[in-house]
Amino acid sequence: MNKIRQPIFDQICVVGLGLIGASFVQALVQANQDTPLMRRIVAVDSNERSIRLACQAGLIAEGHTDLSQVAQGSDLIVLATPVQSIPKLFAQIHALSTLKKLPEHCIISDVGSTKADLLQAARQIFGQHHRFIGGHPIAGAENSGFEARKGDLFVRHKLILCPDNHSDAKDIQKLQALWQALGADVVLMSSDRHDQVLAYTSHLPHLLAFSLTHQLAEHDDNLDILRYAAGGFRDFSRIAASDPQMWHDIFLANKTAILQALDEFSAHLGEFRQLIHQEQSQSLLAWLGKSRDVRRHFGHMLTSHDTSHHSSTHQDIYMTNQSYHIKPAQSILGTITVPGDKSISHRSIMFGSLADGVTKVSGFLQGEDALATLQAFSDMGVKIEREGDQVVIHGVGIDGLNAPNKPLYMGNSGTSMRLLAGILSAQQFDSVMTGDVSLSKRPMERVAKPLRQMGAIIQSTGEKGTAPLSITGGQSLTAIDYTLPVASAQIKSCLILAALWAKGTTTITEPEISRDHTERMLNAFNYPVHSKDGVITVTGGGRLTACDIIVPADISSAAFFMVLAAIGQGEGLTIKKVGMNPTRTGVIDILTLMGADISITNETVVGGEPIADIIVKPSQLMGIDIPEHLVPLAIDEFPVLFVAASCAIGKTTLTGAKELRVKESDRIAVMAEGLTTLGIECEVLDDGMIIHGKGKAGETTAIFGGGVIESHHDHRIAMSFAVASVRASDDIIIHGTQTVNTSFPNFANLANQVGLNIQVIDE
Ligand code: S3P
């Protein structure tokens with residue numbers, strides 16, 4: 001799997017081994033082990049000791065106090081010295097390139113805090129066709145110098161790149177790729193915009209901290225007054241302890257933007273003064289209240305991005321990648337049990353935690369999604385013991401949750417985040433929820449909006465109504481009447497949960513029936529929820545009583561094996577004790593309509609949920625128009641149903657399934673991409689897909705070719721294409737299969753047990 005790739009750069013020369021420069025070098029060396037970034041690093045610093053230490057630490061190949069002694073041959077020079085020294089360095093670099101000691105394509109960048117002045121200097125020294133692209137990592141630490149370096153300083157921090165109109169697109173891409181490999185979140189903006197933004201968010205606050213500290217010092221030559229200064233002064237003035245030379249340079253370099261920000265600030269301060277002078281109590285309170293809300297919100301954003309609090313937020317970047325290498329298989333045979341239902345497992349933890357008494361759960365899904373919910377409730381002080389699929393929850397009662405001391409990490413799990421949004425909106429404490437890359441792209445306003453109508457204060461702080469979610473506690477919620485804009489069990493459940501604390505009776509109307517585990521389980525916990533003809537009512541103010549939960553096997557996981565048995569040869573499969581809740585069995589209805597040979601036996605009811613064994617035999621499938629009313633009842637099964645449709649005779653059409661676009665991935669686009677790779681003709685619709693099945697009467701030959709598939713952080717995409725291998729002519733490689741652990745930890749083993757040929761490769 002480890003393809004040999006060319007590094008992005010041949011030699012990187014870093015000028016300045018202070019905190020930022022040395023951290024950059026350290027991060028480059030670390031990241032170079034995974035992604036080839038450069039062949040060699042050299043460094044320049046006026047301090048010989050730093051160079052010696054960097055050489056000893058194996059960070060640089062060579063170093064010198066004089067740039068002209070080591071920079072030659074570099075195709076990237078990064079200046080990490082004070083802003084004011086940079087024009088001089090530009091001149092030295094220019095001299096080197098005139099002597100042809102630098103390749104023509106050598107890019108020059110920096111890490112300084114001002115950008116427009118440097119761009120101007122670059123234009124003056126190198127001309128219009130300069131190759132300077134300024135960079136500014138929004139990261140730092142109070143300590144300085146080589147020894148303070150941190151290899152993860154840039155992880156999850158913004159890195160602003162400031163190209164100009166003449167910058168080469170390839171140069172921008174290379175720098176972007178380099179910083180992204182160090183974990184930074186790269187943003188492009190013009191130099192002028194950068195300087196304006198930074199004037200407000202960094203330079204002005206520093207200036208004010210210096211100014212107030214200076215003012216106090218003027219009051220009292222002995223600094224005696226500081227004896228009486230407490231937390232307020234300490235917090236406000238912390239940044240005035242920064243390097244004076246550096247700030248002197250920045251204030252002069254960004255003079256125009258800073259003066260503008262300062263003038264605005266003075267005017268604003270004048271207004272504040274006026275409010276106090278005229279004792280305009282109402283307005284003063286409103287001003288202060290607004291600032292408090294903004295600052296609180298910002299505090300949430302900060303904690304949710306603060307990686308030091310939370311090791312698992314590193315997960316997206318450092319999580320080991322896994323892939324499946326699958327050889328074609330044909331014959332399928334066996335009797336299997338698939339893991340516990342994901343939806344029910346989530347809810348068992350939530351309701352068990354909020355109940356009075358001890359709840360025992362058996363058959364709990366030990367997948368990452370359900371474990372994220374479990375972890376969240378542990379973080380809120382609930383004692384939860386787990387041994388394999390047996391869980392004991394010591395309920396804390398409806399008002400017993402405690403404030404978590406860090407953001408709650410929901411991983412890949414939309415259900416955890418959306419349902420918890422309902423619970424957290426009603427708590428007395430503030431909270432923040434974060435998720436992985438896939439979850440951070442999924443729409444959260446669909447729950448935030450109705451929650452706000454109930455009186456919640458909830459912000460989707462991501463860029464497009466997405467996570468992290470920041471929730472302000474201490475609100476009292478009121479019941480609402482709400483018609484769901486889409487059939488979604490997650491929105492419905494979120495609102496039912498918020499309604500438990502709301503004053504009055506909440507009424508939720510569903511456009512179509514979606515899974516009803518929340519309603520069923522709340523009733524089992526002795527909390528009445530009424531549901532009739534798609535209208536659900538629940539009254540706030542009650543309590544939950546602990547009860548034991550038996551989690552049935554997940555029909556959504558069984559679906560992969562149902563399709564596998566139907567499209568494969570051999571004797572087929574028996575899948576034991578699968579949850580048969582009528583709001584979940586759409587996949588059986590659809591496969592049956594397609595002509596699958598499915599029989600259901602041993603039907604019983606366990607813990608309020610119907611269960612049965614499902615027997616599926618090899619079948620001649622026919623293309624169909626999937627009835628739209630079945631869509632919400634099979635919402636998670638379409639990826640694997642598309643695989644079934646590819647093996648059917650004739651065309652299968654799915655419509656009315658726009659929701660698939662906002663699942664763990666855009667399942668319409670991503671499935672179409674993978675199916676096309678494997679040689680299936682399909683047409684993408686806004687709300688579904690048309691698949692031209694390649695099945696032929698009486699034939700069980702290969703339908704799919706071989707190919708490389710990307711899972712796009714979506715477990716069900718990965719598992720669906722693994723199923724396709726039973727009708728493939730060649731090897732299928734699926735990248736990003738680590739996400740399968742979110743819902744089906746044992747999938748590859750179980751699939752191999754019944755006849756597939758999956759090799760799991762950790763990369
Ligand atoms: C779920 C509801 C569905 C489903 C998800 C689990 C639940 O999502 O896709 O896997 O447990 O409530 P939507 O409610 O967004 O359709």
Side-chain angles (χ1 to χ4, degrees), residues 324-339 553-578 587-588 590-602 612-623 637 639-650 652 675 678-680 691 693-707 709 716 718-734 737 740 744 746-760:
Y324 288 171
H325 288 211
I326 316 179
K327 300 227 165 294
Q330 284 180 346
S331 196
I332 299 297
L333 160 73
T335 297
I336 56 167
T337 310
V338 298
D554 197 329
I555 190 167
S556 298
S557 298
F560 298 104
F561 287 91
M562 290 165 63
V563 172
L564 184 63
I567 66 172
Q569 296 176 54
E571 290 175 31
L573 291 173
T574 300
I575 314 162
K576 304 284 287 176
K577 297 189 174 167
V578 181
V587 62
I588 298 181
I590 293 170
L591 283 174
T592 307
L593 284 174
M594 293 176 82
D597 179 351
I598 301 182
S599 38
I600 311 292
T601 61
N602 293 333
D613 296 349
I614 303 174
I615 302 165
V616 187
K617 303 256 182 237
S619 316
Q620 177 77 78
L621 299 180
M622 306 294 293
E637 285 66 76
V640 79
L641 283 170
F642 292 161
V643 170
S646 306
C647 302
I649 301 172
T652 295
L675 289 174
L678 300 186
I680 304 299
I691 293 172
K694 284 172 78 179
K696 291 204 183 81
E699 282 188 22
T700 49
T701 46
I703 295 287
F704 303 97
I709 304 288
R716 300 201 201 277
M719 289 186 275
S720 299
F721 283 110
V723 169
S725 71
V726 78
R727 292 292 287 276
S729 59
D730 223 325
D731 292 8
I732 296 178
I733 295 176
I734 307 171
T737 56
V740 168
F744 203 152
N746 197 28
F747 172 75
N749 274 342
L750 203 56
N752 286 346
Q753 225 171 292
V754 300
L756 285 194
N757 207 336
I758 306 177
Q759 198 191 351
V760 180

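Heavy atoms only: backbone and side chains are in, while hydrogens, waters and symmetry mates are out. Position 1 is the first residue of the sequence, and the numbers go up from there.
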Distance from Ser725 atom OG to Leu756 atom CG, nearest 0.5 Å?
4.5 Å
Do the two ring centres, one from Phe642 and one from Phe721, sit under 6.0 Å apart?
no
d(Cys647 SG, Ile703 CD1) to nearest 0.5 Å is 5.0 Å
Does any N or O in the side chain of Arg727 come within less than 3.5 Å of the main-chain N or O of Gly568, such that one atom is a donor and the other an acceptor?
no
Can you tell if the side chain of Val338 reaches within under 4.5 Å of the side chain of Phe560, non-hydrogen atoms only?
no
Calculate, to the nearest 0.5 Å, the distance between atoms CD1 and CD1 belonging to Ile709 and Ile734 respectively.
6.5 Å
OG on Ser557 to CZ on Arg716, rounded to 0.5 Å:
6.0 Å
Nearest-0.5 Å distance, CG of residue Leu564 to CG of residue Leu573
6.0 Å
Starting at CG of Asn757, measure out to CD1 of Ile732 and round the result to the nearest 0.5 Å.
11.5 Å
For the backbone of Pro618 and the side chain of Gln569, can you confirm whether one donor and one acceptor N or O come within less than 3.5 Å of each other?
no
Does the side chain of Leu675 reach to within under 4.5 Å of the side chain of Phe704, using non-hydrogen atoms?
yes
Check: Met719 and Val640 side chains under 4.5 Å, non-hydrogen atoms
no
Using a 3.5 Å distance criterion without hydrogens, assess whether the side chain of Asn602 forms a donor-acceptor pair with backbone atoms of Ala612.
no
If you count every heavy atom of other residues, nucleotides or ligands that lies below 6.0 Å from Glu699 atom CD, does the total exceed 12?
yes
